[in-house]
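Reading through the structure tokens given below for one structure.
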Amino acid sequence: MLEIEIVPCLADNYAYLIRDGRSGLCGVVDPSEPDPVERALAAHGWRLTHILNTHHHFDHTGGNLPLKEKSHAEIVGPAKDRDRIPGIDAGVDESTPWQFGDRKVRVLEIPAHTRAHIAFVFDDDDAVFTGDTLFSMGCGRLFEGTPDMMWTSLSKLMRLKDSMRIFCGHEYTASNGRFALTLEPGNPDLIARMKEVESLRAAKAPTIPSTLSVEKKTNPFLRPDSPEMRRTLNMVSATNVEVFAEIRRRKDAF
Ligand SMILES: [Zn+2]
């Protein structure tokens, strides 16, 4: 099993150390800044061999160059955004899968937050790194894409196994959940998840990882077909993309 360690960075970012005990390979996903990553590596006595980026934003790549300078780690990121990933060595996309030791890692192209955003899927470990596309109970802002594009990207993630653990780029869960409750105040799964999230946050613990199964029941952006939400939005006969776009518009103003 892949070891995964959450590394809080900046105000509300998460980087993740991933380590394969058999090969000794150790990667970091989306290092915002080098120091917390180096402290976590030192605490475990792990040596960094790979840096993985889901997209080019600085709060996901700010640690790339300083970490590479010290460790000579290989930087892996979206091939279609080579020019915007600092220090990139290997560009990957859906047609060029990538390998971490003897693990096959699937790359999903999930654009809209940025035009070349990707996810790294570790099928055998039930883990997907979703960057700023899918959050717990939320999704990323549409900086470089349309609602249609984001709905297609989220639909791709929804086809993963329900047991898949979701490791995302930010701790936005509590605020996302408060927004979700404005749309589906009667959703019992959402109410239960919010209770859990509130007690985790009160203990200053991460709400991550979530699972795809929990997200399908609680994340409004994955639920445009929910009858309760459609009634709240007065969009009973709209398409899923139209409902999704309205949820995104409301969240931007929340
Ligand atoms: Zn971002």
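In listed order, ligands and their atoms are each counted from 1.
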Is there an N/O/S atom in D132 at a distance below 2.8 Å from the Zn ion (ligand 1)?
-> yes

Would K195 and E198 satisfy salt bridge (Lys or Arg N to Asp or Glu O under 4.0 Å), going step by step from the backbone distance to the final call?
-> CA-CA 5 Å; K195 284 215 177 88; E198 277 160 12; over 6 Å; no

In H57, which N, O or S atom comes closest to the Zn ion (ligand 1)?
-> ND1

Heteroatom N/O/S of H55 within less than 2.8 Å of the Zn ion (ligand 1) | yes

Just by modelled atom types, is the A205 backbone N or O under 3.5 Å from a matching donor or acceptor in the R201 side chain?
-> yes

Is the distance from the Zn ion (ligand 1) to the nearest N/O/S atom of H60 under 2.8 Å?
-> no

Any donor-acceptor pair under 3.5 Å from D20 side chain to G101 backbone | no

CD1-CD1 distance between I75 and I85, expressed to the nearest 0.5 angstrom | 9.0 Å

